[in-house]
Peer 1: 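Have a look at the structure that comes next, please.
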Amino acid sequence: MKLSSKKAPIFYLLSSLLISLLLLKPASAQTKTATGISRPEYHKINEQQVVSQQFSQRELWEHIVSFPGDLLFVPIRIFFFGVKQTIQFADESNLFKKLNDLLTADDGSWAIMPSYSSRTGGGLDYFHFVSDTLTRLTFSVSAGLRRRQGYRLGYEGVTLFEGRAAAEFEVRYRLYSDERFYGIGPDSNFDNETNYAHEQVSVSASVSSKLDENISFNGEAVVERNNILGGRNSATPSTTTIYRDTGLPGMVTGLKFTRLNLEIIHDYRNNRGRTTNGGINRVRLGIVNEIDGDKFGFWQISLDTRKYFHLFYNRVLVVRAHGTFTEPFLNRSIPFYYLSDLGHQETIRGFRRGRFRDRDMAFASVEYRFPVAPALDSFIFLDAGQVAKNLVKDFSTADLQYGYGWGVNIFSENRLAAQFVIGKSTDGFRVYFNFNKVF
Amino acid sequence: MQSFRSNILNPHYSGASGSGLVNLMALLMFCLLLSCSGSNQFIAPQPPPDDMQNIPLPQEREIYIITDGFDKQIVDKIGGLLDFSYQLRKLFGKPREAANVDAFDEVYNSSWFTNRNATKEMSIEEIARGADTGAGPDVSGTWLIVSAKNQGVTPGFVIVDSRGVGYVIKFDPPGYPELASGAEAVSTKLFYAAGYFTAENYITVFDPKNLVVGEDVEITDERGRERYMTEEDLQVILQRIQIGEDGKIRALASKFIVGEGIGPFRYKKTRKDDPNDLIPHEDRRELRGLRVMASWLNHFDTKANNSYDAWVTEGNVSFVKHYLLDFGSTLGSISRGPMPYHVGHENWVDPTAIFRKNLTLGLLVDDYEKFYEVKYPSIGFFTPVSFHPQKYKFIFPNPAFNNMTDRDGFWGAKLVMSFTDEQIEAAVRQGHYSNPDAAAYLVSVLKERRDIVGRYWYGRVNPIDNFEVIPESSGRQSIKFENLAVKNRLAGAQSSNYRYSIRFGDRELVTNRETGGETVIPLPDFQNNSGMYRAADAENPIIVSIQTQRNGGKWSKAVKVFLQPGINGNSLTLLGIKR
């Protein structure tokens, strides 16, 4: 950079100023004292008069050099001042404690908890304990973009057989307004994305019992009504305009089903929140039958095993294998939304929910977790899996789909409070965030 | 340099030899180097103004821990990056030195600090007594509860004993008897002996039956609501406290500090409504050097909220006195349990550590993760393993600690090294540990960590100190000094060597002469150089530069000792030193 004639005078001015300062420096040091504090100024202080004073240790050249940085820092400081004031207000006014107070009963008989899930959006869960038992009435509401909504009324923790079993009753309404559909089979194309709204009302009763310390049994009976409606995401075509019931079983409204689910869980994790050892195995059998017709009926078996290996110093390897197999019975069909699917946070991370659908699904996952702060674990993962009409016959490594990525678990007193995940797949990046999720 | 100056001053200069910007930067560099460059002139630092002058009562203030942490972790870091002069100084290794030091690099007594053990060795009794003026609360009478803390892991009370004296009563965490109370009692003694102002903290054992809930005692419940405390609340609190087999409770009683509490002090800038507070806190030697003491004692929790300013009246003068408080999170205790493994190695939320661990996928296991072991519940996790006095990290980055220079560190190390084995044992006895093995373990860790501090700082900074001009029988004079590393048995006298140069004005009277381990340097015969002798003064002093060598290794940086004729004119006196 050559000094232009316009800039030269400024440069000379600055240079001269600096040189003057340089030459004057010893003299000023003599008069000022080595510590930079001059007594006369101090003695001006009247003890009755509070004087605001700042004795900067910066020398003049430092003020000059720091001036641009100081200038840059002004808006940053103002911004952070605002942030701090907000935090301070929340802290000073006990906002969170008072909010918590507002949302919980004095005797702990009821509470309202906020929740968030990327599928259904944000919401509130209300719990009301009945008498002094663990029986509670729950009501959850959540809402998200494009009129996604969920309501759930539950009566939980009803003890049976002198406490050897617990029952739960539930009425639920859900509207997933922009569920994605890409086709059926492992070859479904990302570009063929459509969307539909799935409205479901269900009534269920379930019983759970602990068979021993680690093994529990759950049984659930559900009656439900399903409506498939036009998708509310205008960015992609509605599935209902492209597919008909003949081409895509279940693409109708008013389909009623009974569902019976039986599940055995073997849970031997050392800690339910920040697990470092042990594992959890689940076997689930579901039978679904149409109520007012004989078009739909199927059974579904799901096997899920997750094992936590403590490697070293709280580094944990989590290995998971999962398979779901769906078969129609009596030559009936399977509604497309009950097919096994891959592509949500619980399966291959990096794909969108419902990215791959077919009767059978299998996937495996390897996740490596490591602590990065007292209440923070990071993890990296590799998920792989595929869907097929008959996985035993049609399994092909060429159809395997992969997802990998990184995430963070945030704990509150060893309980998972929030999770943030970035997954990458052939479809691109997906970000997931959950906080106290229920739905 | 002359040609550079003349180029700049030349009106026909067109910047042909480089850009204007580059030259400007070069000029600024020159300013920096010149302003920091060594000079033969000795400017004695003037004593800072007396900060114990009468002032009106400043306003009480609070510092919010979350915003304070936010400031330290984010705002200050950005500010530091944009402070170009600070960055330049860092780049050139010319940090700004502390503002309140004397000619011998020591601090003046003030409302912040009183020179104690490092200046004059305290007796065992003095160490044991510390700041205490009595024997603690009267356990024979009733204790009136005037406020209570029932939240958190460890509850606490504020009581007034039968003598009418107020105390804050703190308890040990469940499952760890003696942990927090012991740590606080021991650390209080050591911080006080080092020179800081502390509260009077007593280990006390009391009968809970003597507790009486006062009238209108407000209690904040877990939902943040204030209400009056009841007898039932007291019983709930007592259920969370470990009661001994004799039905009594051990606790730490912290006596109310005399004066009007006006909130904590910050580790940066000054308190605007305290006219005595003129030196930016980050430039105070005792606060910078506190980093060394705090690292020794694992005082991780050195946040502003663990300090206390009191407007006190001594004689007819009222001023603000600055205290360090709450040592429950020191040694092996973090108040609610043993110290976690990362304490001292990472800030509470440490973006650098989080980034590093993510980058390495947690595969690099830090040493401090490997050696986590709680040997004694009453001691918690306190170890000399992987302790590094310079790399020690605190709950938040601390502006005063960040400004610590080698000179500050050396001063802090002198505080730490001033504690003898016997003094450490005396301080640990004040923890009243029931298990002698636990107490012995604590003593051994404190000694080891003390020596680590000494080895580090006395290796980093030329450890000679305590200079004296002594007369020789020949009528000439010598300079005598101590090697603190040798004094503290961290280095052998035989393996230490010194060399010195003596300069007066432009004349080098002695050049690089080795003493062979002697700590006495004979000065030239000034009686035969009376002209030179008479010419010497503060602006033109006699300078003796002394370097140290250990085990035949590298020579250290020189400590310059400045001399001038004394008032009587016959002998030389010390003007000061420059490290």
Side-chain angles (χ1 to χ4, degrees), chain A residues 1-3 7-8 11 14-15 18-19 21-22 25 29 33-37 39 42 45 47-48 50-59 61-62 65-66 68-70 72-73 76-77 80 83-84 87-88 91-92 94 97-98 100-101 104 312-313 315 368 370-374 376 378 380, chain B residues 5 8-9 14-15 19-21 24 27-28 30-32 34-35 43-46 48-49 53-56 58 64 66-67 70-71 74-75 78-79 82-85 88 96 99-100 223-225 269-270 272-273 275 278-280 283 340 342 348-350 353-354 357-358 361-362 365 369-370:
Chain A
M1 186 179 91
K2 197 144 181 169
L3 203 65
K7 287 178 184 168
F11 173 70
L14 274 172
S15 307
L18 285 168
I19 289 163
L21 292 171
L22 195 65
K25 187 187 169 295
T33 81
T35 57
I37 296 163
R39 262 171 123 45
Y42 176 76
I45 298 165
E47 65 181 41
Q48 297 303 319
V50 178
V51 181
S52 168
Q53 294 220 21
Q54 279 282 317
F55 282 81
S56 172
Q57 282 292 293
R58 272 183 179 175
E59 292 177 37
W61 72 266
E62 291 177 284
V65 168
S66 296
D70 289 347
L72 268 174
F73 190 48
I76 297 169
R77 193 154 46 186
F80 281 119
V83 174
K84 280 191 302 178
I87 296 171
Q88 189 163 321
D91 186 40
E92 195 175 12
N94 275 328
K97 281 183 176 175
K98 283 179 179 165
N100 188 45
D101 178 37
T104 54
F312 53 94
Y313 302 105
R315 275 71 168 170
Y368 165 66
F370 49 98
V372 293
L376 209 67
S378 285
I380 52 169
Chain B
R5 281 191 184 192
I8 293 285
L9 295 169
S14 64
S19 73
L21 204 64
L24 196 63
L27 195 64
L28 291 170
F30 175 72
C31 291
L32 168 68
L34 200 77
S35 68
I43 303 170
Q46 280 195 4
Q53 296 196 50
N54 202 32
I55 62 154
Y64 296 94
I66 301 168
T67 54
F70 187 81
D71 251 343
I74 300 169
V75 185
I78 298 171
L82 292 173
D83 186 345
F84 298 143
S85 65
L88 267 179
R96 204 156 39 221
N100 61 326
R223 296 186 175 90
R225 294 167 314 175
K269 298 188 177 172
T270 55
K272 289 178 181 171
D273 56 0
L278 298 172
I279 299 167
D283 290 331
H342 69 276
W348 197 251
V349 177
D350 194 326
I354 291 172
K357 286 178 182 184
N358 271 301
L361 303 177
V365 182
E369 286 185 80
K370 295 178 186 170

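What you are looking at is a predicted structure, and each value in this text was computed from that prediction instead of being measured.
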Peer 1: Has B:S85 got a side-chain atom pairing as donor or acceptor with A:S66's backbone, closer than 3.5 angstrom?
Peer 2: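 Looks like no, no N/O pair under 3.5 Å.
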
Peer 1: Using the test side-chain contact (heavy atoms from CB on, under 4.5 Å), find all partners of B:V349 that sit at least two apart in sequence or belong to another chain.
Peer 2: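 Counting only residues at least two positions away or on another chain, B:V349 forms a side-chain contact (heavy atoms from CB on, under 4.5 Å) with B:I354.
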
Peer 1: For residues B:V75 and A:F73, report the shortest heavy-atom separation together with the two atoms involved.
Peer 2: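 In terms of heavy atoms, the two residues are closest at O-CZ, 3.6 Å.
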
Peer 1: Taking only residues two or more places apart in sequence, or in another chain, which ones meet A:F80 in a ring pair (Phe, Tyr, Trp, His ring centres under 6.0 Å)?
Peer 2: B:F70

Peer 1: Could you tell me whether the side chain of A:V83 reaches within less than 4.5 Å of the side chain of B:I74, counting heavy atoms only?
Peer 2: no

Peer 1: How far apart are the closest heavy atoms of A:V65 and B:F84, and which atoms are they?
Peer 2: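 Taking A:V65 first and B:F84 second, the nearest heavy atoms are O-CD1, 3.5 Å.
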
Peer 1: For chain A, find which of B:I78, B:D71, B:L361 contributes the most heavy-atom pairs closer than 4.5 angstrom.
Peer 2: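 Top option by heavy-atom pairs under 4.5 Å: B:L361.
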
Peer 1: Considering only heavy atoms, which portion of B:N358 lies under 4.5 Å from any heavy atom of chain A: side chain, backbone, both, or neither?
Peer 2: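 The answer is both parts of B:N358.
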
Peer 1: A:F370 and B:K357: which non-hydrogen atoms are nearest, and at how many Å?
Peer 2: CE1-O, 3.4 Å

